[in-house]
Amino acid sequence: MNDQTDPLPLAGRRALVTGASSGIGRATARALAGAGASVHLVARREERLAELAEELGGDATFTAADVRDAGGVSTLFEGQAFDLVVANAGLSRGVAPLHEGDSDDWAEMIDTNVKGVLHTVRAALPALRAAGQGDLVLLGSVAGRQVYPGGNVYNASKHAVRAIYEALRLDEFGSGIRFTTVDPGLVETEFSLVRLGDQNAADSVYEGMTPLTPEDVADAIRYAVTRPPHVNIGEIVLWPTEQASTRDVHRSGH
Ligand code: NDP
Ligand code: 8X3
C-alpha cells in the first residue's frame with residue numbers, strides 16, 4: 001500500500017517560468033524560488049527579468065525571449081534539464097465581436113497563447129521524458145471553459161490550451177510526467193491593461209469586487225507541484241468568491 005503523503009520539496013528542483021515579468025508568472029517565480037527551487041525567468045521585457053532575478057537572488061537566472069519564436073524557445077532548453085516548467089506567457093487583445101475583430105490581434109493571441117505554449121511544451125518534453133518525472137503546468141483560464149461576449153478568439157485560444165493539456169495526458173501516458181492546467185477567473189494583473197489599452201478601462205474590470213491576486217494563483221501552482229510523486233493535480237479552477245461565471249460578477253462595492 002502507498003502511504004506516501006509527504007509534500008515533494010522544491011529545493012533542488014530546476015524551474016522555468018514563461019511570462020515571469022508580470023502578474024501570475026512573476027508571483028509564481030517568487031513562490032517557487034521562495035520554496036527553494038532554482039528558477040529561470042522568461043519574458044520579453046529583459047529589465048524586469050533582471051530586477052526580479054536580483055530580488056530572488058541565489059541562482060535565479062533569466063533570458064529575454066518571445067514564446068512565439070519556436071527557435072528561441074528551443075534554445076532556452078538546450079543543455080538544461082528543467083523538471084518544472086510553467087507555460088504561463090499569454091495575453092488578450094480587445095473585446096470586439098468577431099465581425100469587428102482585428103486579424104493582427106487574432107494572430108498575436110493565437111501565436112502567443114496556443115503556439116507559444118506548444119513551442120514551450122515541445123522544448124520541455126525531452127528532458128522531462130528522459131528524467132521520467134517532473135511537472136508541466138499550463139496557464140489556461142475559465143475563458144477556456146466558458147465563452148463570453150467579445151471573448152471569441154481569446155476564448156478559442158484558452159479552449160485550445162485545455163485541449164493541449166488533455167492531449168498531453170494521453171500522448172505522454174506512462175512517461176511519469178505530471179500535467180496540470182490552472183484555470184483562474186479574474187486575477188488583477190496587467191492582463192486587462194494589455195487587453196483594453198487603457199488603465200481606467202482596466203481598473204473597471206475589477207471595480208466593486210475582490211479579484212484573485214497573482215499570489216493566489218501562484219499558491220495553487222505551488223500546491224500542485226509539491227504533491228507526492230504519485231499524485232497529479234490535473235485541473236485547478238480558481239474563482240474569486242464574487243465571480244460565479246465568466247459573465248456573472250457580484251460587485252458588492254468593497
Ligand atoms: P500579465 O499581462 O500581467 O502577464 C503576462 C506575461 O506574459 C508577462 O510576463 C508578459 O511578458 C508575458 N508575455 C506575453 N506575451 C509574451 C510573448 N510573446 N513572449 C514571452 N512572454 C510573453 O497577465 P497575467 O499574469 O494575468 O497572465 C498570465 C497568464 O494567465 C496568461 O496566459 C493569461 O491568459 C492567464 N490568465 C489570466 C487571468 C487574469 O484574469 N489575469 C485569468 C486566467 C488566466 P512580456 O510582455 O515582458 O513579454
Ligand atoms: C482571463 C480571465 O474572464 O477575463 O483569462 O477571460 S477572463
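Just so it is clear, the structure is predicted and the values come from calculations on it, not from any experiment. Read the numbers this way: they start at 1 and go in the same order the structure lists the ligands and their atoms. The first residue of the sequence shown is numbered 1, and numbering continues consecutively from there.
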Self-check item: Contacting atoms of ligand 1, where contact means under 4.0 angstrom from a heavy atom of Glu190
Solution: 2 (O), 3 (O)
Quiz item: Under 4.0 Å from any heavy atom of Gly23, which atoms of ligand 1 are there?
Solution: 3 (O), 25 (O)
Quiz item: At what distance is the nearest protein heavy atom to atom 44 (C) of ligand 1, and which residue and atom is it?
Solution: Gly140 O, 3.2 Å
Exercise. Write out the residue and atom name of the closest protein heavy atom to atom 25 (O) of ligand 1, then the distance separating them to 0.1 Å.
Key: Ile24 N, 2.8 Å
Quiz item: Mind checking whether Ala64 has a heavy atom under 4.0 Å from ligand 1?
Solution: no
Quiz item: Do Val194 and ligand 1 have an N or O pair less than 3.5 Å apart?
Solution: no
Quiz item: Using heavy atoms and a threshold below 4.0 Å, how should the contact between Tyr154 and ligand 1 be classified: side chain, backbone, both, or neither?
Solution: side chain
Quiz item: Between Thr180, Val17, Val182, which is the residue that forms a side-chain contact (heavy atoms from CB on, under 4.5 Å) with Ile221?
Solution: Val182
Self-check item: Closest protein heavy atom to atom 31 (C) of ligand 1, given as residue, atom name and distance to 0.1 Å
Solution: Asn88 O, 3.3 Å
Quiz item: Do Arg195 and Ser92 meet the criterion of a side-chain donor-acceptor pair at a distance under 3.5 Å?
Solution: yes
Quiz prompt | Shortest non-hydrogen contact from Pro211 toward Tyr206 | solution = CB-CD2, 3.8 Å
Quiz item: Would you say Lys158 has any N or O atom under 3.5 Å from an N or O of ligand 1, going by distance alone?
Solution: yes
Quiz item: Looking at atom 6 (O) of ligand 2, what's its closest protein heavy atom, distance included?
Solution: Tyr148 OH, 2.6 Å
Quiz item: Is it true that Asp135 and Arg178 have a side-chain N and a carboxylate O under 4.0 angstrom from each other?
Solution: yes
Quiz item: Looking only at non-hydrogen atoms, which of Asp183, Val182, Val187, Leu49 approaches atom 39 (C) of ligand 1 most closely?
Solution: Val187
Exercise. Identify, by atom number and element, the atoms of ligand 1 in contact range of Leu186, meaning under 4.0 Å from any of its heavy atoms.
Key: 40 (O)
Exercise. Before accepting this row, confirm whether a basic side-chain N of the pair Glu207/Arg251 lies closer than 4.0 Å to the acidic partner's carboxylate O.
Key: no
Self-check item: Any N/O pair Gly19/ligand 1 closer than 3.5 Å
Solution: yes
Practice problem: Please answer: with hydrophobic residues joined when any side-chain heavy atoms are less than 4.5 Å apart, are Phe191 and Val137 in the same cluster? | Solution: no
Exercise. Would you mind checking which non-hydrogen protein atom is closest to atom 18 (N) of ligand 1, with the distance to 0.1 Å?
Key: Asp66 OD1, 2.8 Å
Exercise. Return yes when atom CZ of Arg122 has more than 12 non-hydrogen atoms of other residues, nucleotides or ligands closer than 6.0 Å, and no otherwise.
Key: no
Practice problem: Under 4.0 Å from a heavy atom of Ala65: give me the atoms of ligand 1 that qualify, with their elements. | Solution: 19 (N), 20 (C)
Quiz item: What protein heavy atom sits nearest atom 43 (C) of ligand 1, and how far off is it?
Solution: Pro184 O, 3.2 Å
Self-check item: Cluster overlap Val39 with Leu16, hydrophobic side-chain contacts below 4.5 Å
Solution: no
Exercise. Find all atoms of ligand 1 within a distance of less than 4.0 Å from any non-hydrogen atom belonging to Arg68, and give their numbers and elements.
Key: 18 (N)
Quiz item: Should we count CD of Glu54 as having more than 12 external heavy atoms under 6.0 Å?
Solution: no
Exercise. Identify whether Phe62 and Val42 are in the same connected component of the hydrophobic contact network (ILVMFWY, side-chain heavy atoms under 4.5 Å).
Key: no
Practice problem: For residues Leu8 and Val225, determine if any side-chain heavy atom of one lies less than 4.5 Å from a side-chain heavy atom of the other. | Solution: no
Quiz item: Which one of Ala43, Pro214, Ser22, Ala143 has a non-hydrogen atom at the shortest distance from atom 1 (P) of ligand 1?
Solution: Ser22
Quiz item: Atoms of ligand 1 less than 4.0 Å from Ser21 heavy atoms?
Solution: 8 (C), 9 (O), 10 (C), 11 (O), 45 (P), 47 (O)
Practice problem: Mark up the atoms of ligand 2 that fall under 4.0 Å of a heavy atom belonging to Ser141, in ascending order. | Solution: 1 (C), 2 (C), 5 (O)
Quiz prompt | ligand 2 atoms in contact with Ala143 (distance to a heavy atom under 4.0 Å) | solution = 6 (O)
Exercise. Can you pull out the closest protein heavy atom to atom 14 (C) of ligand 1? Residue, atom name and distance to 0.1 Å, please.
Key: Arg44 NH2, 3.4 Å
Quiz item: Phe191 heavy atoms, cut-off 4.0 Å: which ligand 2 atoms fall inside?
Solution: 1 (C), 4 (O)
Quiz item: Can Ile236 be reached from Val217 by stepping across I, L, V, M, F, W or Y side chains whose heavy atoms are under 4.5 Å apart?
Solution: yes
Quiz item: Are Val121 and Ile177 connected in the hydrophobic side-chain network, where two residues link if heavy atoms are under 4.5 Å apart?
Solution: yes
Exercise. Report the nearest protein non-hydrogen atom to atom 26 (O) of ligand 1: residue, atom name, distance rounded to 0.1 Å.
Key: Thr189 OG1, 2.7 Å
Exercise. Indicate yes or no: does an N/O atom of Tyr154 lie under 3.5 Å from an N/O atom of ligand 2?
Key: yes
Quiz item: Short N/O distance, under 3.5 Å, between Ser141 and ligand 1?
Solution: no
Exercise. Using atom types as modelled and distance alone, determine if a side-chain donor or acceptor of Ser74 lies under 3.5 Å from a backbone N or O of Ala70.
Key: no
Quiz item: Nearest to atom 42 (C) of ligand 1, what protein heavy atom do you find, and at what distance?
Solution: Gly185 O, 3.1 Å
Quiz item: Can we say Asp183 and Arg145 salt-bridge, meaning some charged N sits less than 4.0 Å from an Asp/Glu carboxylate O?
Solution: yes
Quiz prompt | ligand 1 contacted by Arg26 (non-hydrogen, < 4.0 Å) | solution = no
Quiz item: Do other residues, nucleotides or ligands put more than 12 heavy atoms under 6.0 Å from Glu46 CD?
Solution: no
Self-check item: Options Ala89, Ala27, Gly90, ranked by nearest heavy atom to atom 5 (C) of ligand 1, top entry
Solution: Gly90
Quiz prompt | Pair Glu55 + Arg26, salt bridge at N-O below 4.0 Å | solution = no
